[in-house]
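Values in this document were obtained by computation on a predicted structure and should not be read as measured data. Numbers here are sequence positions counted from 1. When a ligand or atom number is given, it counts from 1 through the structure's own listing order.
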Amino acid sequence: MLGLDGLEYHYVEEFGCKNLMQKSYGMTDISEFKEPRTVVIWSSFLAGKNLEERVLKEKELWSFKLKPEETFFSKFEKWEALDVPGFTYNVEMHKRERELLKGFFEKKNTIEDYDKVALEDYKKMKEEFFEAIGKDYEIVMGYFALADVIGHLSFGVKAKMKLIYEELDSLAREAREYADDMLIVSDHGMKAVGRFGDHSDHGFWSIGRELDLGRPRITYFYRLIEGLRKA
Ligand SMILES: [Zn+2]
């Protein structure tokens, strides 16, 4: 499973990312949430129910952590969840990204400084992910923040975003070689605000088989994944 933060349905289509689209793809419905917040949506995805209220009670949103038994991973014997917000998120690793985002608006660093760290973190996670899917887990979820992180300062710069989407498309192509089935999900997409990007009101899903899900809620996938376990 690939969790791709901030992956925008419209860019996936426009840039022709066939490996991200797989056999069936579409938008998700996240209208039940007051705002498309990353930690809220991923936590709800993992638990199969709307956790907005509970997550927002947390002082530091990014530190919110579900217990394994509250997630669909508990349905499996051997699982791995890498850097997933609301569960196994590496707050320390992402701290630098956040500092550089703030630093850009305070004119302390450039967008390029910020992009560089985002790409380094991505590379690190990619290595961990391929190591994990080479092992005998029943289910592995790799979370990649790249499209969201780069998108916040560059979503309106299409040539740059196209390169990022092409990278994620090749990640999906490589990952597919290891799996019987692959689910790709994003928490929300993005919309351009000048050169910058803001969260959009829908997410993205795709699966490597013919399956018409229409526009499912993000909380629907818990049942789908549970079903895959039984199949
Ligand atoms: Zn997000």
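The number of heavy-atom neighbours closer than 6.0 Å to NZ of K162, taken from other residues, nucleotides and ligands shown, is 12 or below.
Minimum-distance N/O/S atom of D187 relative to the Zn ion (ligand 1): OD2.
Within the 4.5 Å cutoff, side-chain heavy atoms of H199 are placed close to those of H152.
At a threshold of 2.8 Å, the Zn ion (ligand 1) has a backbone or side-chain N, O or S atom of H188 nearer than that distance. At a cut-off of 2.8 Å, D148 is not counted among the residues with an N, O or S atom near the Zn ion (ligand 1). Residue contacts to the Zn ion (ligand 1): S186 brings no N, O or S atom closer than 2.8 Å.
Relative orientation of the F204 and Y9 rings is tilted, given thresholds of 30° and 60° on the angle between their planes.
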Review point. Could you walk me through whether E128 and K124 pass the salt bridge (charged side-chain N to carboxylate O under 4.0 Å, His left out) check?
Key: CA-CA 6 Å; E128 275 187 40; K124 217 181 300 165; over 6 Å; no
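The angle that T38 OG1 and D5 OD1 make at the Zn ion (ligand 1), rounded to 10°, works out to 130°.
Through chains of ILVMFWY side-chain contacts below 4.5 Å, L100 is grouped with L101, F104, F105, I111, Y114, V117, V149, L153, F196.
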